[in-house]
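Some notes on the structure that comes next.
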Amino acid sequence: EVQLVESGGGLVQAGGSLRLSCATSGFTFGDYAIGWFRQAPGKERQGLSVVTPKDGSTFSFASVKARFTASSDNAKNTIYLQMNSLKPEDTAVYYCAAVHLLTYQARGNYAFNLGSWGRGTQVTVSS
């Protein structure tokens, strides 16, 4: 069974940093693309970063590229999201999701709609 568990969220002041973790199990880590997403109340889900552990490549959406960095630890089957210079508008529930590489290569970021998701971790940034 594919499982993803996010952790590392919490309350932080504006300008601060957090590192989120997404621990995975139940699938071959290197055969999947794993993405970070967030959803704020009343807003649509937003893509943040995608990691392909097989080759270590990462992709970050332009809106957060300057402040957020995704990475993977293949030995721990875990991906991370380092978030710096946090702003109140970064307040949201942050999720990770996994989709098979073949599906990701065929459908791009839309593929995550077909993937497996964690339950999320809340990040709150105070002003």
Side-chain angles (χ1 to χ4, degrees):
E1 179 186 2
V2 174
Q3 289 191 333
L4 301 99
V5 180
E6 303 92 341
S7 62
L11 175 64
V12 63
Q13 288 188 333
S17 299
L18 282 175
R19 189 176 81 152
L20 305 184
S21 300
C22 172
T24 74
S25 62
F27 61 94
T28 303
F29 194 61
D31 288 346
Y32 279 67
I34 305 171
W36 282 105
F37 302 81
R38 68 185 180 187
Q39 189 164 21
K43 294 188 176 181
E44 292 187 353
R45 188 175 68 202
Q46 178 186 13
L48 302 174
S49 296
V50 179
V51 180
T52 50
K54 186 174 185 177
D55 59 9
S57 64
T58 62
F59 166 81
S60 293
F61 287 76
S63 60
V64 296
K65 189 174 183 178
R67 300 185 295 122
F68 293 4
T69 303
S71 61
S72 66
D73 184 335
N74 290 16
K76 296 182 178 180
N77 289 352
T78 299
I79 67 165
Y80 304 95
L81 185 67
Q82 178 67 43
M83 305 187 296
N84 300 323
S85 302
L86 284 163
K87 306 173 182 180
E89 51 264 43
D90 293 320
T91 295
V93 179
Y94 285 68
Y95 300 90
C96 58
V99 64
H100 197 278
L101 270 178
L102 294 177
T103 306
Y104 179 66
Q105 290 165 351
R107 297 178 178 239
N109 291 322
Y110 175 80
F112 287 101
N113 292 326
L114 308 173
S116 299
W117 290 74
R119 293 188 175 184
T121 185
Q122 175 71 45
V123 172
T124 303
V125 184
S126 63
S127 57

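Values below: every heavy atom of this structure, side chains too, minus hydrogens, waters and symmetry copies. The first residue of the sequence shown is numbered 1, and numbering continues consecutively from there.
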Under a 4.5 Å side-chain heavy-atom rule over Ile, Leu, Val, Met, Phe, Trp and Tyr, are Val64 and Val123 clustered together?
yes
Which pairs count as disulfide bond (SG atoms under 2.5 Å apart) when at least one residue sits in residues 44-114, sequence neighbours excluded?
Cys22-Cys96
List the residues meeting side-chain hydrogen bond (donor to acceptor under 3.5 Å, both in side chains) with Tyr32, not counting sequence neighbours, and say none if there are none.
none
Examine the side chains of Thr91 and Thr124 and answer whether a donor and an acceptor come within less than 3.5 Å of each other.
no
Begin with the C-alpha distance, continue with both residues' side-chain angles, and end with the deciding distance and a verdict on side-chain contact (heavy atoms from CB on, under 4.5 Å) for Met83 and Asp90.
CA-CA 10 Å; Met83 305 187 296; Asp90 293 320; over 6 Å; no
Once you round to the nearest 0.5 Å, how far does CG of Asn77 lie from CD1 of Ile34?
8.0 Å
Here the gap from Leu18 atom CG to Thr121 atom OG1, rounded to the nearest 0.5 Å, amounts to 8.5 Å
Interatomic spacing from CD in Gln3 to OG in Ser116 - rounded to 0.5 Å:
10.0 Å
Would you kindly confirm whether Val50 and Tyr95 end up in one hydrophobic cluster when ILVMFWY residues are joined by side chain heavy atoms under 4.5 Å apart?
yes
OG/Ser17 to CG/Asn84 distance, rounded to the nearest 0.5 angstrom?
4.0 Å
Quick one: CZ on Arg45 to CZ on Arg38, what's the gap to the nearest 0.5 Å?
13.5 Å
Relative to the ring of Tyr94, is the ring of Phe68 parallel (under 30°), tilted (30 to 60°) or perpendicular (over 60°)?
tilted
Would you find more than 12 non-hydrogen atoms of other residues, nucleotides or ligands less than 6.0 Å from Arg107 atom CZ?
no
Under 4.5 Å between side-chain heavy atoms, hopping through other hydrophobics if needed: is there a path connecting Phe112 to Phe29?
no
Going by the rule side chain to side chain contact (heavy atoms under 4.5 Å, CB included), which residues pair with Lys76 if we only count those two or more places apart in sequence or in a different chain?
Asp73, Thr78, Tyr80
Start with the C-alpha gap between Val2 and His100, add the side-chain angles, then the distance that decides, and say whether side-chain contact (heavy atoms from CB on, under 4.5 Å) holds.
CA-CA 11 Å; Val2 174; His100 197 278; over 6 Å; no
Regarding Ser57 and Thr52, is there a side-chain donor-to-acceptor distance under 3.5 Å anywhere?
yes
The reported gap from OG1 in Thr58 to CD1 in Ile79 (rounded to nearest 0.5 angstrom) is 10.5 Å
I'd like to know if the side chain of Glu6 reaches the main chain of Arg119, judged simply by a donor and an acceptor atom lying under 3.5 Å from each other, with no hydrogens or angles considered.
yes
